[in-house]
Amino acid sequence: MSILVYIENVEGNFKKSGFEALSYAKAIADTLQQEVYALSIGNVENTELEKAGKYGASKIINVQQEQLKNFVNQAYASIIADIAKSTGASTIILSNSFSGKGLAPRVATKLNAGLADAATSLPIIEGETWKIKKTVFSSKAIATIDLLSPLKVISLAPNAYEPSESPSDIQIENYTPKIEQSDFSTIIKEIVRATDKVSLPEADIVVSAGRGMKGPEHWGLVEELADVLGAATACSKPVSDAGWRPHEEHVGQTGLAVSPNLYIAIGISGAIQHLAGVSSSKTIVVINKDPEAPFFKVADYGIVGDAFEIVPQLIEALKRYKSN
Amino acid sequence: MKILVCISNVPDTTSKITFTDNNTAFNSNGIQYIINPYDELALSKAVELADGGKANVTVIHVGDVASEPTIRKALAVGADQAVRIDAPPRDAWFVANQIATYAKTENFDLILTGRESIDYNGAQVQAYIAELLQIPSVSIAKRIEINGNEATIDREIEGGKEVLTVNLPVVIGTAEGVAEVKIPNMRGIMGARSKPLTVLPAVDVPALSTISNYETPTPRGAVTLIDKDNINKLVELLHTEAKVI
Ligand SMILES: Cc1cc2nc3c(=O)[nH]c(=O)nc-3n(C[C@H](O)[C@H](O)[C@H](O)COP(=O)(O)OP(=O)(O)OC[C@H]3O[C@@H](n4cnc5c(N)ncnc54)[C@H](O)[C@@H]3O)c2cc1C
Ligand SMILES: Cc1cc2nc3c(=O)[nH]c(=O)nc-3n(C[C@H](O)[C@H](O)[C@H](O)COP(=O)(O)OP(=O)(O)OC[C@H]3O[C@@H](n4cnc5c(N)ncnc54)[C@H](O)[C@@H]3O)c2cc1C
């Protein structure tokens with residue numbers, strides 16, 4: 001038996017979340033003494049495909065077809081399910097990315113498998129029952145999901161599992177699937193991607209700012225700090241509601257939930273709805289002029305003071321640190 | 001055009017989340033329930049598309065009778081009728097099967113959900129419904145435009161968006177940007193009382209998963225305050241102690 005891992009690529013480069021999923025799969029496969037097979041769909045070069053071997057895959061199935069160059073929800077789901085069947089996979093692992101969220105339920109339905117979505121832990125295996133954790137109530141709680149079905153689909157939350165190398169000889173197997181035309185019902189007109197920016201859902205470091213920044217004209221400071229750290233930028237809800245920043249930067253209970261290694265909150269009070277989406281970050285730094293701001297209660301490090309004085313100093317201090 | 005809007009009934013965002021029965025069940029004692037905020041966007045978009053008669057909007061909810069105030073609120077916002085599938089919403093697979101079973105009998109052109117519920121945060125129901133109905137879906141949409149039989153959708157992707165077109169019927173999960181949230185007015189609230197709310201029995205669905213335990217995250221230790229005149233200290237701690245830079 002085997003574990004099948006679908007690895008996403010962006011313009012031919014595998015995403016970090018794919019290596020997280022592979023490492024996660026490898027850990028399970030070692031316990032069960034199974035093989036890890038990777039699956040790539042799209043135009044990915046052999047040198048990139050071979051990288052799956054570094055994280056423990058013994059084979060990568062390479063599906064390369066003009067029609068499949070970009071993500072097509074239904075077609076990709078059909079391919080993943082078909083390959084799961086033909087390779088006899090007992091477990092299918094993918095990333096809980098924006099595309100993954102559309103794939104996992106479809107793959108699970110096709111295979112009559114239970115789905116653990118946004119998994120944050122390795123399974124505890126008790127015979128056919130696998131116990132897997134995920135955050136619920138927007139990070140206010142953690143639930144243990146018991147997967148009861150023989151076949152299992154797991155979509156791994158980004159940043160939840162550290163990729164670790166486990167080199168293995170890898171064989172590349174090219175495969176041409178047969179897909180129904182009805183699986184190509186969505187037609188992509190345009191893909192707009194900010195290439196100069198770190199993507200927020202996957203970022204290791206997030207610099208986030210709130211109403212304390214006073215207005216959109218001050219965001220240069222936030223962006224400069226993010227640049228020095230190689231971080232993504234985020235904001236509180238009122239900031240995106242006011243149009244100071246785009247909606248996709250809004251984090252919290254009704255925005256994106258993020259769990260980076262480092263979350264820096266500048267001029268954000270720390271309302272319960274904001275904390276809901278960020279509190280599972282590993283380290284939290286709060287910069288706020290009000291010592292009573294609720295955010296300090298959930299922070300690891302805090303600086304009380306005016307962001308307009310502190311942030312420029314922090315940028316300088318980080319530049320000095322980076323140049324050493 | 002016939003639109004189905006899926007409504008989830010969730011704890012108010014300020015709720016303190018606790019559990020009962022030896023941490024195996026959510027403690028709903030004293031909890032105020034609201035329409036899932038993303039579902040409000042879906043509903044608002046549907047009502048906007050209907051624009052007083054251009055489409056017929058049904059809201060559907062899987063849940064017990066206690067959710068009826070939430071359903072009535074959805075009717076007050078402007079849906080034409082409501083359906084409640086009378087069963088506790090056991091999990092996303094169960095909920096999606098109920099909705100798909102109902103949708104099969106009605107031939108909707110558009111099925112809208114929220115991008116995810118703010119309680120179980122699955123973002124699964126939409127793709128499950130679409131797969132069960134064998135129709136296309138977009139899990140997270142930031143813009144929806146309908147032109148005749150074609151929808152143009154901005155799908156959220158990491159670090160950007162993808163603009164795509166698809167023929168109806170389609171299932172779409174809505175995120176911020178698709179519509180302005182509509183607040184019910186007095187006329188809507190009065191009218192909602194007499195709009196049809198049909199209660200249907202649930203179909204049997206074998207369970208593929210179950211939640212066996214809940215816990216609350218371990219609280220962080222006390223904050224380390226750093227003097228604003230000693231910013232270097234923060235950089236040092238982030239490097240040596242937190243090991244994040
Ligand atoms: C249903 C619902 C859902 C919601 N969902 C979300 C959500 O998903 N995400 C979210 O963020 N919010 C959400 N909110 C809003 C939330 O309740 C708060 O209103 C919001 O988070 C506050 O944003 P803020 O911290 O930027 O602004 P404020 O609360 O106004 O805080 C500004 C902070 O900046 C500090 N400050 C001011 N000037 C300076 C300075 N010069 N230097 C340093 N600090 C300074 C102040 O001390 C203050 O703490 C939701 C609310 C509701 C009702
Ligand atoms: C008493 C109780 C017990 C529960 N026990 C479990 C459990 O053991 N395991 C478990 O996984 N979940 C459990 N749930 C959660 C509940 O079943 C979830 O609402 C359901 O799993 C949907 O999944 P989700 O919240 O992840 O939805 P998502 O996939 O995040 O929801 C996406 C969209 O689907 C639609 N939708 C979601 N739920 C409904 C609904 N009920 N009716 C109509 N449309 C809806 C909404 O438009 C929503 O925006 C329980 C809920 C209750 C009230």
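Every chain is numbered from 1, with letters handed out A, B, ... down the list of sequences.
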Between A:K15 and B:E158, does a salt bridge (charged side-chain N to carboxylate O under 4.0 Å, His left out) hold up when you go through it step by step?
CA-CA 11 Å; A:K15 291 171 72 168; B:E158 282 79 7; 3.3 Å; yes

Can you measure from [atom1] ([X]) to [atom2] ([Y]) and round to the nearest 0.5 angstrom?
{"X": "B:L208", "Y": "A:L147", "atom1": "CG", "atom2": "CG", "answer": "9.0 Å"}
{"X": "A:S97", "Y": "B:E156", "atom1": "OG", "atom2": "CD", "answer": "11.5 Å"}
{"X": "B:Y120", "Y": "A:D117", "atom1": "OH", "atom2": "CG", "answer": "12.0 Å"}
{"X": "B:T210", "Y": "A:L148", "atom1": "OG1", "atom2": "CG", "answer": "6.5 Å"}
{"X": "B:T218", "Y": "A:I142", "atom1": "OG1", "atom2": "CD1", "answer": "7.0 Å"}

B:K16, NZ atom: more than 12 neighbouring heavy atoms under 6.0 Å
no

Go through the steps to decide whether B:I226 and A:Y301 satisfy the test side-chain contact (heavy atoms from CB on, under 4.5 Å), and finish with yes or no.
CA-CA 7 Å; B:I226 292 147; A:Y301 303 103; 4.0 Å; yes

Quick test of your reading of the model: are B:E215 and A:K133 salt-bridged, counting only N-O distances below 4.0 Å?
yes

Is the side chain of A:R193 donor-acceptor paired with the backbone N or O of B:G159 at a distance under 3.5 Å, no angle test?
no

Tell me if a side-chain donor or acceptor on B:R220 pairs with a main-chain N or O of A:S279 at a distance below 3.5 Å.
yes

Would you mind telling me which of [options] has the largest number of heavy-atom pairs within less than 4.5 Å of chain A?
{"options": "B:A92, B:P217, B:P11", "answer": "B:P217"}
{"options": "B:L238, B:V235, B:V223", "answer": "B:V223"}
{"options": "B:D119, B:I129, B:T216, B:L164", "answer": "B:D119"}

Are any non-hydrogen side-chain atoms of B:L234 and A:I303 less than 4.5 angstrom apart?
yes

Run B:S209 and A:L115 through side-chain contact (heavy atoms from CB on, under 4.5 Å) and show every step you take.
CA-CA 7 Å; B:S209 73; A:L115 164 60; over 6 Å; no

State, without any angle test, whether [X] and [Y] hold a side-chain donor-acceptor pair at a distance under 3.5 Å.
{"X": "B:T13", "Y": "A:Q253", "result": "no"}
{"X": "A:T186", "Y": "B:R155", "result": "no"}
{"X": "B:E236", "Y": "A:Y321", "result": "no"}
{"X": "B:S137", "Y": "A:N73", "result": "yes"}

